[in-house]
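Okay, structure first, notes after.
All figures in this text were calculated on a predicted structure; none of them were measured in a lab. All chains are named by letter (A, B, ...) in the order of the sequence lines, taking the proteins before the strands, and each is independently numbered beginning at 1.
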Protein chains: 2
Amino acid sequence: MEAQPRRVRLTREEAKAQTRQALLNAAFEVFSRHGFNGASVDLVAETAGYTKGAVYAHFSTKEDLYLALLDEHLSEDTPDWIEQLEEGAPVAEIAAQIEAQLPEDLERIRAWAMMTLEFFLHAMRNEQVRTRLAERIERGRAEYMGSLEKRYRIDRTGIAPMSLVHLATALMAFENGLSLLGLIYPEILATGIYSETLTRLIGE
Amino acid sequence: MEAQPRRVRLTREEAKAQTRQALLNAAFEVFSRHGFNGASVDLVAETAGYTKGAVYAHFSTKEDLYLALLDEHLSEDTPDWIEQLEEGAPVAEIAAQIEAQLPEDLERIRAWAMMTLEFFLHAMRNEQVRTRLAERIERGRAEYMGSLEKRYRIDRTGIAPMSLVHLATALMAFENGLSLLGLIYPEILATGIYSETLTRLIGE
DNA sequence: GTCTATAGAACGATAGAC
DNA sequence: GTCTATCGTTCTATAGAC
């Protein structure tokens, strides 16, 4: 909209964006430690170095804050390998990469699984929230489907092994289910589970 | 231990077993309506027509009660199709059967998904409970593995498509994940998702 | 001077202690 | 059943960017 400012000092918009980001980072920390219910808006604000007023200037409710965090997660934490999937890279290679990063990502995955769990329960008890969460699931599935479509167009055979809606659904279910089981029984996240299952589902 | 009684009146053991079953039935009803945390032992007892004393005579804690319920569920709600799986019946046929029953089972599935969710969270915060729940997951997986092993021995090819541990894990993850997503976004449980995915994973 | 991001007090609801 | 603490949310005052 405007010319880039030359000053070191932030413009109001930049400062606002920075505050928002600081609040989201704090929210991740607090939500993942205390769960959605256990986390207080006060603590989120304090962790970010602000007060409640700042939170409510950026997010209209606590649910809104969580959903914004989820949106950030959904648009941020996938792109590395989804691109390779679209380009037709061998699944084994992609999966091996995922698995190699797994020990490093484990804590983040666990944190998300816990937050998700509690927010799911919360959403079950409030129709409006449930709908908004369902939208995110649908959006995630659509994204998967788009990538799979690209892949199978590029693929030498050009033939998908099964309905893309169902394949996308199955992939999401598998990932979510595995994170869930891994929460209780971490040994289940053994090497090879990703690469074998994804290869089996998606094809070579 | 003793010879069978000839009286119409129940033996003490039979009466005890009957009470236990009544308590489990009541527990299912109350837990699925109020969740694990929300359910009070008092209400479970009352629903079954007993008092707290009866509950604690059969189960040492509320967790114990839930785990007993889970054990019943695990040993009861699978056998129909696991047998067919072992006998090498076509997966499409098995899956079609599951899907045909799905509308009927939906409420039960949802109830279990909700209870599971809440109990998972509870288990995450108590190491002892977590271990006991992990045992159930492991037991379930072992059962799956046994069935798959039988199937692939019978199967004309005799060759499993992937590591049986991982296949069993993937099946569990898929089922759990799908129930979970279905809680928030019921439309995801569309016809064909089971048959296509199971066929793809297990083989024809 | 105007506008707005944020602080912080105030309110209503709820859960737990006793 | 009463009291208290806590928490989500709303409201208002203010400091500082423009």
Side-chain angles (χ1 to χ4, degrees), chain A residues 1-73 111-112 114-136, chain B residues 27 30-47 51-52 55-56 61-63 65-66 114-115 117-126 129 184:
Chain A
M1 297 277 159
E2 291 174 30
Q4 310 95 308
R6 275 161 213 163
R7 284 165 296 170
V8 176
R9 178 173 281 179
L10 303 173
T11 65
R12 249 197 278 185
E13 254 183 44
E14 283 171 337
K16 196 178 171 187
Q18 197 174 289
T19 302
R20 192 188 137 95
Q21 193 55 51
L23 290 170
L24 284 174
N25 295 343
F28 175 79
E29 206 172 305
V30 175
F31 281 146
S32 64
R33 177 151 38 239
H34 301 277
F36 179 75
N37 289 311
S40 75
V41 176
D42 254 321
L43 185 56
V44 172
E46 194 187 323
T47 302
Y50 294 88
T51 62
K52 272 187 300 206
V55 175
Y56 281 96
H58 287 267
F59 310 95
S60 55
T61 64
K62 191 164 119 171
E63 285 143 6
D64 228 75
L65 176 59
Y66 175 85
L67 288 173
L69 194 60
L70 179 61
D71 285 340
E72 193 194 31
H73 174 62
W112 269 106
M114 276 204 70
M115 282 192 282
T116 304
L117 223 57
E118 221 178 315
F119 194 74
F120 264 46
L121 272 169
H122 178 76
M124 288 285 305
R125 281 156 181 145
N126 181 324
E127 182 57 20
Q128 280 219 15
V129 181
R130 212 218 78 232
T131 307
R132 295 180 73 190
L133 186 54
E135 283 167 18
R136 264 73 178 184
Chain B
V30 175
F31 281 146
S32 63
R33 178 153 36 240
H34 301 275
F36 179 75
N37 291 310
S40 74
V41 176
D42 254 321
L43 185 56
V44 172
E46 194 187 323
T47 303
T51 61
K52 263 196 298 208
V55 177
Y56 283 101
T61 61
K62 190 164 114 171
E63 286 142 6
L65 177 58
Y66 175 86
M114 275 203 70
M115 280 192 283
L117 224 56
E118 223 179 310
F119 194 73
F120 264 47
L121 272 168
H122 178 75
M124 287 286 305
R125 281 156 183 146
N126 182 323
V129 181
I184 298 299

What is the distance from [atom1] of [X] to [atom2] of [N], rounded to the nearest Å?
X       : N      : atom1 : atom2 : result
A/Leu65 : D/dT9  : CG    : C1'   : 14 Å
A/Lys16 : C/dC3  : NZ    : P     : 16 Å
A/Arg20 : C/dT4  : CZ    : C1'   : 17 Å
A/Glu46 : D/dC7  : CD    : P     : 11 Å
A/Asn37 : C/dA15 : CG    : P     : 11 Å
A/Asp42 : C/dT6  : CG    : C1'   : 14 Å
A/Gln18 : C/dT4  : CD    : P     : 20 Å

Let's see if you get this right: which residues in residues 48-59 of chain A place a heavy atom under 4.0 Å from DNA chain C?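 The stretch gives A/Tyr50, A/Thr51, A/Lys52, A/Gly53, A/Ala54, A/Ala57, A/His58 as the residues lying under 4.0 Å from the strand, ordered by number.
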Partners of A/Glu127 by side-chain contact (heavy atoms from CB on, under 4.5 Å), sequence neighbours excluded?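 Result, side-chain contact (heavy atoms from CB on, under 4.5 Å) vs A/Glu127: A/Arg130, A/Thr131.
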Contact under 4.0 Å: A/Thr19 side-chain N or O vs C/dT6 OP1/OP2: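 Yes, within the criterion.
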Geometric class of the B/Phe119/B/Tyr66 ring pair [parallel <30°, tilted 30-60°, perpendicular >60°]: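 Correct class here is parallel.
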Does any non-hydrogen side-chain atom of [Y] lie less than 4.5 Å from one of [X]?
X        : Y        : answer
A/Leu121 : A/Leu117 : no
A/Phe28  : A/Met115 : yes
B/Arg125 : A/Met114 : yes
B/Tyr56  : B/Leu65  : no

Note: A/Arg132-A/Asp71 ion pair, threshold 4.0 Å (strictly below):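 No.
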Mind grabbing the angle between the end helix axes of the helix from C/dG1-D/dC18 to C/dC18-D/dG1? Five pairs an end, 10° rounding.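 Inter-axis angle at the termini of the helix from C/dG1-D/dC18 to C/dC18-D/dG1: 10°.
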Separation of A/Leu43 CG from A/Arg33 CZ (nearest 0.5 Å):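 It is 8.0 Å, given to the nearest 0.5 Å.
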Short side-chain donor-acceptor distance under 3.5 Å, A/Asn25 and A/Glu29: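 No, no side-chain donor-acceptor pair sits under 3.5 Å.
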Tell me what A/Ala45 touches on the nucleic acid: a base, only sugar-phosphate, or nothing, going by heavy atoms under 4.0 Å.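 It contacts nothing in the nucleic acid.
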